[in-house]
Amino acid sequence: MYALIDCNNFYASCERVFNPSLMGKPVVVLSNNDGCVIARSNEAKKLGIPMGAPAYQYEAVFERRGVGVFSANFPLYGDMSRRVMSILSSYSPQQEIYSIDECFLDFSGMSIDFREYGLKMRAHVEKWTGIPISIGIAPTKALAKAANRIAKKFPGRTDGCHVIDTEEKRIKALKWLDIEDVWGIGRRNAAKLRAIGVRKAWDFVNLSPSWVQKYMTVTGLSLQKELNGIPSIPMELPEKRQSIAITRTFDADKGDVEEIRERIVTFTSMCAEKLRFQQSLCRKVMVFLETNRFKGKEMQYNPSILVRLPFATDSTLELAKFAVGGLKQIYKEQFLYKRAGVILMDFEDADRYQPSLFLNSNPKHKLLMEKMDAINRKYHKDVVRLGVQDFTRHQMRQEHLSRQYTTNIRDILVVEI
DNA sequence: TCTGGGGTCCTAGGACCC
DNA sequence: TCTGGGGTCCTAGGACCC
């Protein structure tokens with residue numbers, strides 16, 4: 001059996017833990033630049049605020065209905081996630097952390113009362129972190145996902161834990177679950193399936209496997225097996241990332257090359273730090289620019305370039321140089337840009353790297369980067385940085401930012417009695 | 001005025017090899 | 001006129017996830 005555990009309205013719940021006056025009130029969390037809604041408490045959902053809603057269109061609603069509005073506070077959410085995951089990991093020898101607010105647990109070989117076990121986990125996480133979770137338990141990962149949805153959405157359910165452990169329960173679940181809500185069925189596939197009369201997960205499992213393979217590739221086929229109770233999607237053990245990206249929407253449209261170059265260098269530097277943290281070297285850097293897609297009348301230009309490095313490296317200095325080289329090839333001064341990004345890809349392990357006979361990363365950078373990372377970790381992010389980086393010119397809009405209650409001693413909560 | 005960010009996997013088609 | 005067959009690797013783009 002597998003469990004899929006996820007945190008309810010995770011970001012909104014994190015804000016509530018440290019601000020109990022928000023209990024029972026609508027809460028929303030906004031994306032970077034306070035752009036759009038990326039998390040909503042149940043009360044906010046009931047007000048009809050949709051996922052992804054542009055914040056400026058809902059300001060009146062926020063005001064009128066007393067909605068607690070927060071700028072995204074990722075250091076806080078990341079730390080709360082680590083706490084929740086750590087507690088859950090004690091319930092199984094194998095945990096797959098699937099996203100910031102979700103994980104799978106492998107219960108293979110355990111013969112216990114799964115429902116009781118789930119309720120225990122739930123109480124434990126709630127008591128130690130204040131975060132409410134929902135739990136689905138079933139013979140495959142895809143069915144565990146479905147069970148989780150039942151725990152959360154099935155009319156009348158309130159205990160947050162559902163177990164699919166009999167054939168009747170499996171069939172009942174599949175007959176209830178809409179096809180677009182099946183894990184792994186996206187918009188495109190849902191439309192394809194609807195067109196041939198598939199409305200429920202149950203209809204999907206009754207399609208012929210050859211049809212599924214032909215129109216939905218092997219991915220669809222293993223999903224179908226999973227829903228039929230045959231495990232086909234293995235647990236993923238923690239591994240190094242295969243790509244690392246930093247992309248940002250700017251606070252305004254920008255045309256100045258110097259300014260964009262500064263952003264590209266800063267993004268590259270952030271990527272490089274993550275790259276060194278997972279002890280990888282990188283062979284390719286992708287740089288992209290985007291014009292403002294909401295200005296439909298204006299000519300759009302969304303170039304990207306893949307720069308192949310002559311050697312593998314994790315040096316911020318070298319990566320930044322190649323990224324800027326890429327930028328110069330795609331930048332055109334007649335456009336204003338709203339978004340840009342840097343993606344590192346094609347990694348190899350730093351400790352297994354075989355240097356080339358001719359051209360290699362500058363060996364002096366290794367120590368330099370080590371010291372830079374150590375100082376930045378000890379004191380403050382970006383105390384040591386490249387000369388071209390200039391944070392003063394790029395202030396992200398964060399008008400509703402909560403404190404870093406759990407990761408910054410200056411922000412620790414003070415309780416007055 | 002104001003509209004997010006970071007990942008993974010699969011496939012078709014081209015380049016290249018013998 | 002007629003012009004093979006079977007592989008691998010790489011990449012761009014699409015689909016999906018949260």
Side-chain angles (χ1 to χ4, degrees), chain A residues 4-11 28-39 49-60 62 69 71-74 77-78 81 96-104 141-142 145 148-149 180-193 213-223 232-234 236 238-253 267 270-271 274-275 278 283-284 286 288 290-296 302-308 336 338-347 396-400:
Chain A
L4 183 274
I5 297 123
D6 80 345
C7 302
N8 302 346
N9 315 323
F10 182 53
Y11 298 166
V28 299
V29 176
L30 307 179
S31 62
N32 281 342
N33 277 318
D34 293 345
C36 53
V37 174
I38 56 170
I49 301 166
M51 187 66 167
Y56 73 93
Q57 289 176 3
Y58 284 83
E59 258 156 30
F62 296 160
V69 179
S71 303
N73 185 346
F74 292 115
Y77 311 148
S81 169
E96 173 186 341
I97 297 178
Y98 182 66
S99 76
I100 193 164
D101 73 333
E102 269 183 52
C103 73
F104 288 100
K141 287 168 77 178
K145 268 275 190 186
N148 178 282
R149 197 173 176 87
E180 36 277 292
D181 296 332
V182 173
W183 183 47
I185 301 285
R187 268 221 309 269
R188 300 299 287 257
N189 280 327
K192 225 183 277 178
L193 290 165
Q213 162 125 39
K214 182 168 178 201
Y215 294 101
M216 300 174 64
T217 79
V218 295
T219 321
L221 202 59
S222 54
L223 178 60
S232 307
I233 303 175
E236 307 269 353
E239 273 175 32
K240 294 181 180 180
R241 304 230 165 283
Q242 297 172 35
S243 66
I244 292 173
I246 301 285
T247 69
R248 287 289 179 280
T249 300
F250 304 142
D251 54 344
D253 296 357
F267 297 166
M270 292 161 81
C271 287
K274 293 188 183 188
L275 183 73
Q278 70 162 32
R283 287 192 171 276
K284 286 175 192 150
M286 180 176 271
F288 71 81
E290 282 176 20
T291 47
N292 191 337
R293 66 197 168 101
F294 293 103
K295 292 189 174 167
N302 302 319
S304 75
I305 186 168
L306 184 66
V307 182
R308 269 159 253 259
L336 293 177
K338 179 62 172 166
R339 203 166 94 93
V342 172
I343 305 168
L344 305 186
M345 42 217 254
D346 199 357
F347 299 159
M396 197 158 63
R397 216 171 76 199
Q398 292 187 308
E399 287 170 11
H400 313 280

A:Arg149 CZ to C:dC18 C1': how many Å, rounded? 14 Å
Closest heavy-atom pair, A:Glu102 versus A:Asp6, reported as atoms and distance to 0.1 Å, is CG-CB, 3.2 Å
For A:Glu96 and C:dC17, what is the distance between atoms CD and C1' respectively, to the nearest whole Å? 12 Å
Sequence neighbours excluded, the answer for ring pair (Phe, Tyr, Trp, His ring centres under 6.0 Å) partners of A:Tyr215 is A:Trp211
Taking only residues two or more places apart in sequence, or in another chain, which ones meet A:Phe267 in a ring pair (Phe, Tyr, Trp, His ring centres under 6.0 Å)? none
In B/S/- notation (B base, S sugar-phosphate only, - none; protein heavy atoms under 4.0 Å), nucleotides 2-12 of chain B written 5' to 3' is BBSSSSSSSS-
In this structure, are over 12 heavy atoms from other groups packed under 6.0 Å from A:Lys214 atom NZ? no
Please work out if A:Val29 contacts a base, only the sugar-phosphate, or nothing of the nucleic acid, heavy-atom cut-off 4.0 Å. nothing
By side chain to side chain contact (heavy atoms under 4.5 Å, CB included), A:Glu59 pairs with (sequence neighbours left out) A:Tyr56
A:Leu306 CG to A:Lys284 NZ distance, which is reported to the nearest 0.5 Å: 6.0 Å
Residue list, side chain to side chain contact (heavy atoms under 4.5 Å, CB included) with A:Glu180, at least two apart or on another chain: A:Asp178, A:Ala190, A:Arg194
So, A:Asn33 versus A:Thr249: side-chain donor-acceptor pair below 3.5 Å or not? no
Is A:Lys192 touching bases, backbone alone, or none of the nucleic acid, heavy atoms closer than 4.0 Å? nothing
Using a cut-off of 4.0 Å on non-hydrogen atoms, how would the nucleic acid contact of A:Ile343 be classed: base, sugar-phosphate, or nothing? nothing
Duplex segments of DNA chain C, taken as runs of at least three Watson-Crick or G-U pairs that stay under 3.5 Å: B:5-18 with C:5-18
Between C1' on C:dG14 and CE on A:Met216, what's the gap in Å once rounded to a whole number? 14 Å
From CD1 of A:Ile185 over to P of C:dC18, roughly how many Å is that when rounded to an integer? 12 Å
If you look at every strand shown and take non-hydrogen atoms under 4.0 Å, does A:Asp6 touch a base, only sugar-phosphate, or nothing? nothing
So, is the end of the A:Lys338 side chain (NZ or CZ) under 6.0 Å from the ring centre of A:Phe250 and within 45° of the ring's axis? no
Whole-Å distance between C:dC16 P and A:Tyr98 OH? 13 Å
